[in-house]
> 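Right, I'll just put the structure down here and ask away after.
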Amino acid sequence: MLQASFRGIFTNQRLISLRKASSLSAARGRRAPIDVHPEVEDALATGKPVVALESTIITHGMPYPTSLEMAQSVERIVRSTGSIPATIAVIGGRIKIGLHTAELERLADQQSNPTAVKLSRRDIAAAIALKKDGGTTCCSTLIFAALAGIKVFATGGLGGVHRGGENTMDVSADLHELTRCPVGLVSAGVKSILDIRRTLEYLVWLLKMFEEFSSNSFTQETLGVPVVSYAETHDFPAFYSGRSGFESPWRINDPRTAAQILHTHWQLGMSNGALFAVPIPVEYEAVGSALQEAVEQAVRESEEQNISNLGKAVTPWLLNRVGELTQGKSLASNIALVENTALVGGQIAVEYAKIAGDRYDQDQCYPVTGIRGKPDEPHSASDVASSETTDDLKGQPLPNASLVVVGCAAVDITSQPLTDSDLGHQSTFPGKVSMSLGGVGRNIAEAAHRVLSSHSDESSAATLLVSLVGDDSFGRLLSEETRMLGMRTDGLIPVRGGRSSVCSLLLERSGGLRAGVADMDLVRNMDGHVAREFILAHKPKLLAVDGNLSSDTLKVVVNECSRNGVDVFLFVHIHVTIKGAANNTSKFSEPTSVVKSASILPAIAGNLDQLAWSPITFASPNLLELAHLYQQAQLLNLTSHDRWWQVLDSLGLGSKFRTDLDLLSRREASSHDTSRGNLAFLVEKGVAQMAINLLPFFRHLIIKCGDLGVVVVMRFTGDDAAESSWSTESTNHHRRYVVSHSPTSGDIVVLQHFPAMKLPSDALVNTTGAGDSLVGALLAALVQSPKAFHSTISLQRTIDIAQHAALLSLQSPLAVSPLLSSLHGELSRQ
């Protein structure tokens with residue numbers, strides 16, 4: 001009986017942001033086994049066009065290796081339109097939205113992997129529970145495309161009403177799925193083996209078929225799925241032929257109009273999809289009638305041999321038989337029509353992205369690898385409010401974090417006028433206002449999370465951001481958006497009556513900063529005992545802390561980490577205000593006013609007499625921050641402390657080190673851009689000298705030098721020096737490092753330069769999060785390999801990962817590019 005399956009309520013949904021009510025985010029929150037390819041994730045997050053592709057055609061539709069070649073060809077065609085292909089499948093019991101090359105090959109090679117199943121809606125849960133591989137049909141591909149927020153799906157043929165369906169009630173689930181998935185399905189009509197007339201009737205009119213006593217009766221009711229011929233006429237295509245003898249109610253012949261139909265559905269909150277029927281390329285029309293004759297013969301044979309009673313095995317059998325009868329000609333036509341629909345689908349997706357424009361980020365969800373955190377819980381004194389947030393994982397404890405990041409989570413608000421002349425008026429003026437998640441600590445935590453969580457499922461909860469948020473709208477936004485990114489939120493602590501951190505910037509029309517207000521007092525004044533509780537609870541491998549927190553807080557953090565053997569990574573950032581014109585051409589131009597912040601130094605001073613090693617394991621200043629730390633160390637008399645003198649003496653640096661450094665400074669700064677000059681800044685700007693003088697306080701310095709690359713200055717002592725491969729290394733100017741071995745203490749000092757990676761021309765989009773992405777990726781690498789700095793090879797790989805992360809974010813409109821999730825391959829080689 002089909003009455004129950006046909007019964008449904010198709011009502012318009014409220015117009016709400018899918019970012020707020022994303023079904024994929026909700027599924028992620030319940031730890032659904034879904035993996036989104038980093039390229040697809042980046043496209044969805046940044047408004048690029050995406051086209052979903054099914055995989056049953058790979059696993060059950062064509063013989064190997066033709067199936068693989070076809071799949072690769074279709075993906076290339078989608079890319080040629082400017083869209084990103086997202087082939088959907090289930091592999092090892094995990095839903096894949098976008099496939100890596102090896103996964104595509106695994107599905108296609110049915111001889112090596114004969115157990116892959118054909119997946120419709122009814123099969124999804126069982127296949128996942130049994131850890132199966134599976135090709136998704138139109139039905140299940142529609143489900144997952146809608147789940148991910150993908151608006152266009154290209155395939156060969158849609159399922160429909162089977163021949164004799166008025167008696168057998170055999171109707172493909174594809175049709176019903178179109179009523180509840182807001183996706184545009186682009187196909188060459190319905191499969192040739194089906195009943196085209198009844199399929200069209202079913203799509204345009206819902207035929208409620210149910211038995212009443214011993215006879216069938218039919219009633220008609222609007223189904224709500226537009227059937228649109230994408231052609232010069234209203235003719236509905238017949239798969240192998242451009243004309244079936246039946247007509248569609250609507251006709252279009254350009255991707256823009258198709259995209260407008262889909263976008264109108266979204267504007268009105270409609271939950272149904274649309275069918276765009278694209279005729280096979282005209283050069284394949286000539287063999288269409290012969291192929292259809294073969295189809296008719298195959299159908300007769302299936303009925304005579306009772307094959308038609310085998311359920312979902314019928315279609316593969318028929319397609320295979322048609323291929324045999326046509327001596328392979330049907331296969332060539334199949335490939336041609338699939339490639340054609342991929343081309344049209346890509347073009348429609350591009351136009352949809354253009355139409356959506358500024359609203360595109362609301363139309364899409366932000367899928368990432370990760371898990372959802374527990375409800376926010378109070379962790380400290382009475383000013384911390386209890387959370388009333390519900391969570392699907394309540395009662396399911398999260399594992400201890402390997403990386404804890406203590407810093408600022410903020411909301412960034414950016415305002416930009418249409419013309420600079422408007423800024424002179426003491427009034428409001430037209431322009432654009434955007435809001436996004438920010439805060440250096442939050443950016444770093446997101447970057448580390450993306451890199452770590454893509455490496456393995458076990459690493460999804462490895463990163464914990466500890467920050468205070470107000471019990472206000474901004475605080476709720478920070479918690480919800482962080483949760484939607486797949487990050488755990490049990491470290492975001494709501495403060496009763498507190499104002500969440502907000503940075504509001506006013507930009508000029510050109511994008512330059514005109515003015516801004518940063519309200520960061522909540523985090524800057526965080527009680528150190530808040531961080532202390534997380535250190536004691538998690539005992540992380542590594543703790544990263546914001547150098548702009550108060551001195552008292554930093555003292556508590558450093559002391560607690562020292563007692564518990566936790567390495568500390570300091571990230572520093574000073575707020576800079578430029579008064580007057582800046583010299584944009586100078587790589588070392590100094591601002592005329594700097595709000596100074598070196599709160600970590602008093603915390604270091606309190607530990608100098610107690611520790612035999614540098615209190616801070618890692619620090620990542622840029623050139624300006626390095627100079628500022630050095631100046632403040634001098635002002636606080638840390639460079640005249642007895643411990644400082646002892647460490648400098650133990651390094652045993654002499655004339656050879658200075659000579660080696662001078663020779664290194666003559667090397668070119670870039671291997672691909674001679675205009676960047678050489679490394680003279682190491683000596684002339686005192687970079688090497690300042691770094692060496694800070695080694696008693698910071699064991700390893702990773703100095704960010706912008707387009708001049710990265711300089712790492714390290715000190716190894718005791719067992720670290722003996723076990724490190726640097727113990728057998730000497731200065732190598734070709735590989736850009738200087739090594740000094742102390743003849744008395746055995747200490748080792750290493751200074752190495754890493755040229756900046758090449759940024760493709762005209763690829764620069766955004767500079768706000770590049771440094772944060774570099775640090776986050778660096779933290780991820782150190783969590784995976786704590787001794788990554790102990791050899792030349794592992795250090796090179798670590799800095800390569802970090803620079804690659806920065807490069808990806810430079811090319812993304814987001815502070816942290818979702819493509820950082822693609823670095824799992826590099827991380828696994830650590």
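We count residues from 1, following the sequence as given.
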> Less than 3.5 Å apart, any donor N or O on the side chain of Ser453 or Ser460 sitting next to an acceptor on the other?
no
> Taking all heavy atoms of Asp546 and all of Cys408, pick out the closest pair and write down the distance.
OD2-N, 4.1 Å
> Checking Phe569 now: which residues fulfil ring pair (Phe, Tyr, Trp, His ring centres under 6.0 Å) with it, not counting sequence neighbours?
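So Phe569 forms a ring pair (Phe, Tyr, Trp, His ring centres under 6.0 Å) with Phe618.
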> Is there a side-chain hydrogen bond (donor to acceptor under 3.5 Å, both in side chains) between Ser817 and Ser809 once you walk through the steps?
CA-CA 5 Å; Ser817 170; Ser809 290; 5.2 Å; no
> Among Ile616, Ile604, Val566, which one satisfies side-chain contact (heavy atoms from CB on, under 4.5 Å) with Val558?
Ile616
> How far does CG of Leu626 sit from SG of Cys705, to the nearest 0.5 angstrom?
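That separation rounds to 8.5 Å.
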> For Thr731 and Asp660, which I'm curious about, is there any donor-acceptor pair between the side chains at under 3.5 Å?
yes
> If you look only at pairs with a residue in residues 397-406, which of them pass as a salt bridge (charged side-chain N to carboxylate O under 4.0 Å, His left out), with sequence neighbours excluded?
none
> So, using salt bridge (charged side-chain N to carboxylate O under 4.0 Å, His left out) as the criterion, who are the partners of Asp412 when residues are at least two apart?
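Once residues adjacent in sequence are excluded, Asp412 has no partner under the salt bridge (charged side-chain N to carboxylate O under 4.0 Å, His left out) criterion.
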> Do the side chain of Glu625 and the main chain of Asn622 share a donor and acceptor less than 3.5 angstrom apart?
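Yes, the answer is positive, given that a donor and an acceptor are paired below the 3.5 Å cut-off.
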> So how far is it from Leu653 CG to Ser740 OG, rounded to the nearest 0.5 Å?
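It is 4.5 Å, given to the nearest 0.5 Å.
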> Do Asp747 and Thr717 pair up side chain to side chain, a donor and an acceptor below 3.5 Å, judged on atom types alone?
no
> Mind checking what makes salt bridge (charged side-chain N to carboxylate O under 4.0 Å, His left out) contact with Glu103, not counting sequence neighbours?
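Counting only residues at least two positions away or on another chain, Glu103 forms a salt bridge (charged side-chain N to carboxylate O under 4.0 Å, His left out) with Lys96.
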> Ignoring hydrogens and geometry, is there a side-chain-to-backbone donor-acceptor pair from Arg676 to Asp707 under 3.5 Å?
yes
> Under the criterion side-chain hydrogen bond (donor to acceptor under 3.5 Å, both in side chains), I'd like the reasoning laid out for Ser727 against Ser724: C-alpha separation, chi angles, the key distance, then a yes or no.
CA-CA 6 Å; Ser727 61; Ser724 166; 5.9 Å; no
> Could you check Gln752, Glu729, Gln796 and say which one makes a side-chain hydrogen bond (donor to acceptor under 3.5 Å, both in side chains) with Tyr737?
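Looking at Gln752, Glu729, Gln796, the match for Tyr737 under the side-chain hydrogen bond (donor to acceptor under 3.5 Å, both in side chains) is Glu729.
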> Does the pair Arg736/Glu668 count as a salt bridge with the N-to-O cut at 4.0 Å?
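The answer is yes: the pair qualifies as a salt bridge.
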> Minimum heavy-atom separation for Ser459 and Leu452, please, with both atom names.
CB-O, 3.1 Å
> Verify side-chain hydrogen bond (donor to acceptor under 3.5 Å, both in side chains) between Ser791 and Ser794, making sure each step is shown before the conclusion.
CA-CA 6 Å; Ser791 76; Ser794 61; 2.7 Å; yes
> Does a salt bridge link Lys787 with Asp720, judged by any charged N lying under 4.0 Å from a carboxylate O?
yes
> Taking atom types as modelled and ignoring hydrogens, do the side chains of Asp673 and Ser675 form a donor-acceptor contact shorter than 3.5 angstrom?
yes
> For the atom pair CZ (Phe754) and CG (Leu708), what is the distance rounded to the nearest 0.5 Å?
15.0 Å
> Quickly, which of Leu701, Leu661, Val687, Val713 forms a side-chain contact (heavy atoms from CB on, under 4.5 Å) with Ile692? Name it, please.
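Single pass found, and it is Val713.
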> Do we see a donor-acceptor contact under 3.5 Å between the side chains of Glu560 and Asn564?
yes
> Here's a test for you: under side-chain contact (heavy atoms from CB on, under 4.5 Å), which of Leu694, Thr639, Leu638, Asn637 qualifies with Trp644?
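So, applying the side-chain contact (heavy atoms from CB on, under 4.5 Å) to Trp644 and each of Leu694, Thr639, Leu638, Asn637, only Thr639 qualifies.
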> Calculate, to the nearest 0.5 Å, the distance between atoms CD and CG belonging to Gln646 and Leu651 respectively.
12.0 Å
> Quick one: do Ile748 and Met714 satisfy side-chain contact (heavy atoms from CB on, under 4.5 Å)? Show the steps, please.
CA-CA 8 Å; Ile748 302 172; Met714 305 179 290; over 6 Å; no
> Begin with the C-alpha distance, continue with both residues' side-chain angles, and end with the deciding distance and a verdict on salt bridge (Lys or Arg N to Asp or Glu O under 4.0 Å) for Glu41 and Arg450.
CA-CA 11 Å; Glu41 179 191 351; Arg450 288 188 178 280; 2.3 Å; yes
> Check whether the side chains of Ser745 and Ser742 place a donor and an acceptor atom closer than 3.5 Å, and report yes or no.
yes
> Let me confirm one number: the CG-NE2 distance from Asp552 to His529, rounded to the nearest 0.5 Å.
9.0 Å
> Hey, can you tell me if Phe716 and His700 have their rings parallel, tilted or perpendicular (30° and 60° cut-offs)?
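Correct class here is tilted.
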> Could you tell me if the side chain of Val738 sits less than 4.5 Å from the side chain of Leu663, heavy atoms only?
no
> I'd like to check the salt bridge (charged side-chain N to carboxylate O under 4.0 Å, His left out) partners of Lys539; sequence neighbours left out, ordered by chain and number.
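By the salt bridge (charged side-chain N to carboxylate O under 4.0 Å, His left out) rule, Lys539 matches no residue at all.
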> Mind checking what makes salt bridge (charged side-chain N to carboxylate O under 4.0 Å, His left out) contact with Arg666, not counting sequence neighbours?
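Scan of Arg666 (salt bridge (charged side-chain N to carboxylate O under 4.0 Å, His left out), adjacent residues dropped) gives Asp662.
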